[in-house]
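Report on the following structure.
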Amino acid sequence: MSFLTTLSNSCTLQSSLFCAQKPNPLSLRTSILPTQVGNKIVYQPLRRNNKVFSPNRCVGKIEASLKWEKGYKNVEVFSKEHLAVSLAYDVAQLSTKFTKERGAFTVALSGGSLIKYLRKLVDSPYAETIDWSKWHVFWVDERVVPKDNLESNYKLANDGFLSKVPIPPLNVYSIDDSLPPDGAADVYETTLRRLVTSNVIATSTNGLPKFDLMLLGMGPDGHVASLFPGHPLLNEDQKWVSFLNDSPKQPPERITFTFPVINASSNVAMVVTGAGKSTAVYTALEDDVKTVQLPVEKVSPYEGELKWYLDKGAASKLFKENNKRFVLYGILPNST
């Protein structure tokens with residue numbers, strides 16, 4: 001199916017993924033969806049002072065070139081600033097939804113640049129309206145280093161996000177960095193199993209932990225979590241949490257969720273920014289002539305939704321390689 005991807009100032013929020021709701025004229029979405037996909041279940045919108053809050057996303061207009069030949073349901077392109085705004089809004093909506101439905105909101109974080117795109121959550125109105133006491137925070141992968149080490153994903157998340165919001169410390173599940181990688185992975189999996197048994201973490205139909213939201217980044221080589229191209233862990237299908245001593249990216253000792261756990265999630269947000277990752281984005285989303293599957297292409301939730309958040313740099317090869325016409329709304333003047 002071929003269709004032109006264009007938006008207007010009355011753009012409709014069409015993805016069923018994160019904040020499925022009523023059409024919102026302020027919504028910035030470069031949603032690659034057929035127009036008939038739209039009317040979805042309505043969740044209560046985020047409110048502040050008894051007024052519905054929605055980020056002002058439709059500011060200005062920039063024309064680039066993009067015409068998708070494939071129906072990408074859940075791919076969105078933003079300026080860097082609007083990516084952070086949209087991600088915060090969607091995460092807040094999910095937090096409200098699962099807190100009401102389950103009494104808990106389970107979130108698995110990755111490292112890298114993803115954490116800085118959560119920065120809007122520590123500002124108004126989210127800081128005051130999200131029920132942080134219901135959050136339970138985990139790590140998709142972690143480097144086996146002390147928590148105060150600059151390489152620690154825990155330190156990155158704590159410095160940039162967790163220390164700024166009132167999530168109960170007992171609801172933050174960091175690894176035991178005093179153990180070797182195999183021991184740290186075993187203990188972390190045991191923790192997940194305990195929380196599944198107590199219903200803090202939901203359970204998928206095949207008995208795996210079903211996180212409400214998994215926030216993933218992607219490396220220039222297409223790796224996600226600590227699952228790297230060509231590594232045997234790509235095919236691990238028994239363990240929930242595994243380890244490696246030979247990461248091609250420093251530091252070498254790590255633990256990581258495996259693909260069965262990643263793909264059991266209710267929602268997966270793939271946040272990818274920077275032109276250095278544009279080739280991997282193109283390969284994953286557009287390139288049909290390939291001999292090797294990138295790890296990111298194995299992310300495919302079987303009971304949930306996957307949504308890509310791209311900035312203009314990460315999506316640039318999609319534009320360049322296909323010489324397509326595209327209208328992108330919501331870009332602030334002089335934004336990058």
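Here the structure is a predicted model, which is why all the values come from computation and not from measurement.
The two residues F228 and P295 come nearest to each other via the heavy atoms C-CG, 3.8 Å. In terms of heavy atoms, V196 sits closest to A202 at CG2-O, 4.3 Å. Residues S265 and P301 share a closest heavy-atom pair of O-CB, 4.0 Å. Of all heavy-atom pairs between L215 and S110, the closest is O-OG, 2.8 Å. N153 approaches G112 most closely through the heavy-atom pair OD1-N, 4.4 Å. Across L294 and A280, no two heavy atoms sit closer than the pair CD1-O, 3.7 Å.
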Report the C-alpha distance between L162 and W132 in whole Å, list the side-chain angles of each, state the deciding distance to 0.1 Å, and finish with yes or no for side chain to side chain contact (heavy atoms under 4.5 Å, CB included). CA-CA 10 Å; L162 297 177; W132 298 106; over 6 Å; no

Could you go step by step and tell me if W139 and Y154 meet the ring pair (Phe, Tyr, Trp, His ring centres under 6.0 Å) rule? CA-CA 8 Å; W139 274 264; Y154 169 84; 5.6 Å; yes

For side chain to side chain contact (heavy atoms under 4.5 Å, CB included), just list the numbers for I262 and V299, CA-CA rounded to whole Å, side-chain angles, deciding distance to a tenth of an Å, and then say yes or no. CA-CA 7 Å; I262 292 172; V299 178; 4.3 Å; yes

Kindly determine whether Y89 and Y126 satisfy ring pair (Phe, Tyr, Trp, His ring centres under 6.0 Å), including the steps that lead there. CA-CA 8 Å; Y89 181 74; Y126 307 113; 7.2 Å; no

Using salt bridge (Lys or Arg N to Asp or Glu O under 4.0 Å), reason through K120 and E81 one step at a time and then give a plain yes or no. CA-CA 10 Å; K120 294 293 183 182; E81 181 67 14; 2.6 Å; yes

Test side chain to side chain contact (heavy atoms under 4.5 Å, CB included) on V137 and N171; report intermediate values, then the result. CA-CA 6 Å; V137 178; N171 290 5; over 6 Å; no

Begin from the C-alpha positions of L121 and K164 and carry the test side chain to side chain contact (heavy atoms under 4.5 Å, CB included) through to its verdict. CA-CA 9 Å; L121 287 171; K164 305 178 189 300; over 6 Å; no

For E253 and R143: C-alpha separation, side-chain torsions, deciding distance, then whether salt bridge (Lys or Arg N to Asp or Glu O under 4.0 Å) applies. CA-CA 6 Å; E253 296 185 333; R143 293 89 179 267; over 6 Å; no

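Between E303 and K210 there is a salt bridge, with a side-chain nitrogen of the basic residue lying less than 4.0 Å from a carboxylate oxygen of the acidic one. Comment: E189 does not engage K239 in a salt bridge, judged by the lack of any side-chain N to carboxylate O separation of less than 4.0 angstrom. Here D177 pairs with K147 in a salt bridge; the nearest charged N to carboxylate O distance falls below 4.0 Å.
In this structure the side chain of F243 never reaches within 4.5 angstrom of the side chain of P180, judged on heavy atoms. Annotation: side chain of L118 is in contact with side chain of L109 (closest heavy-atom distance under 4.5 Å). With contacts defined as side-chain heavy-atom distances shorter than 4.5 Å, the pair F259/V224 qualifies. Using a 4.5 Å heavy-atom threshold, the side chains of D237 and T258 count as separate. In this structure, E142 and R254 have side chains that are not in contact, with every pair of non-hydrogen atoms separated by 4.5 Å or more. Residues E151 and L156 form no side-chain contact, since every pair of their non-hydrogen atoms from C-beta on lies 4.5 Å or further apart.
With rounding to the nearest 0.5 Å, the separation of NZ in K80 from NZ in K312 is 9.5 Å. Once rounded to the nearest 0.5 Å, the distance linking CD1 of I255 with CG of D186 reads 9.5 Å. A distance of 10.0 Å separates OG of S266 from CD of E305, quoted to the nearest 0.5 Å. Here the CD1 atom belonging to I167 is positioned 10.5 Å from the CG atom belonging to D131, to the nearest 0.5 angstrom. Of the inter-residue distances, the one linking L87 atom CG with E76 atom CD reads 10.5 Å to the nearest 0.5 angstrom. Taking CD from E236 and CG from L244, the interatomic distance works out to 12.0 Å, rounded to the nearest 0.5 Å.
When ring centroids are compared, F138 and F257 stay outside the 6.0 Å threshold.
Between the side chain of N267 and the main chain of F211, no donor-acceptor pair closer than 3.5 Å is present. A donor-acceptor pair is defined here as one N or O able to donate and one able to accept, closer than 3.5 Å; no such pair exists between the side chain of T203 and the backbone of G207. Using modelled atom types, one side-chain atom of T256 and one backbone atom of S226 make a donor-acceptor pair closer than 3.5 Å. A donor-acceptor distance shorter than 3.5 angstrom exists from the side chain of K277 to the backbone of M218, with no hydrogens or angles considered. Of the possible polar contacts, none joining the N263 side chain to the Y302 backbone as a donor-acceptor pair under 3.5 Å is found. Looking only at distances, no side-chain donor or acceptor of S247 sits under 3.5 Å from a matching main-chain atom of Q250. The backbone N or O of T96 lies less than 3.5 Å from no partner atom in the side chain of T99, so there is not a single donor-acceptor pair. Side chain of S95 to backbone of V91: no donor-acceptor contact under 3.5 angstrom is found. A donor-acceptor contact shorter than 3.5 Å links the side chain of S152 to the backbone of K155. Remark: side-chain polar atoms of T129 are paired, donor with acceptor, to backbone N or O of P125 under 3.5 angstrom.
Stacking of K134 on the aromatic ring of F105 is not recorded, the 6.0 Å distance cut-off and the 45° axial limit not both being met.
The closest side-chain donor-acceptor pair between D212 and T106 falls under 3.5 angstrom. Using modelled atom types, one finds no donor on one side chain facing an acceptor on the other under 3.5 Å when comparing Y188 with D176. With no hydrogens or angles considered, a side-chain donor-acceptor pair links Y309 and D90 at under 3.5 Å. For the residue pair T273 and D311, no side-chain donor N or O sits within less than 3.5 Å of a side-chain acceptor on the partner.
In the hydrophobic cluster analysis, where Ile, Leu, Val, Met, Phe, Trp and Tyr join through side-chain heavy atoms closer than 4.5 angstrom, V140 is grouped apart from V145. Grouping the Ile, Leu, Val, Met, Phe, Trp and Tyr side chains by contacts below 4.5 angstrom, directly or via other members, places V187 apart from I201. L192 and L179 fall into different hydrophobic clusters, defined by Ile, Leu, Val, Met, Phe, Trp and Tyr side-chain heavy atoms under 4.5 Å apart, directly or through other members.
Considering V281, L306, N74 in turn, L306 is the only one that fulfils the side chain to side chain contact (heavy atoms under 4.5 Å, CB included) rule with M270.
Relative orientation of the H136 and Y173 rings is parallel, given thresholds of 30° and 60° on the angle between their planes.
Surrounding NZ of K249 are at most 12 heavy atoms belonging to other residues, nucleotides or ligands under 6.0 Å away.
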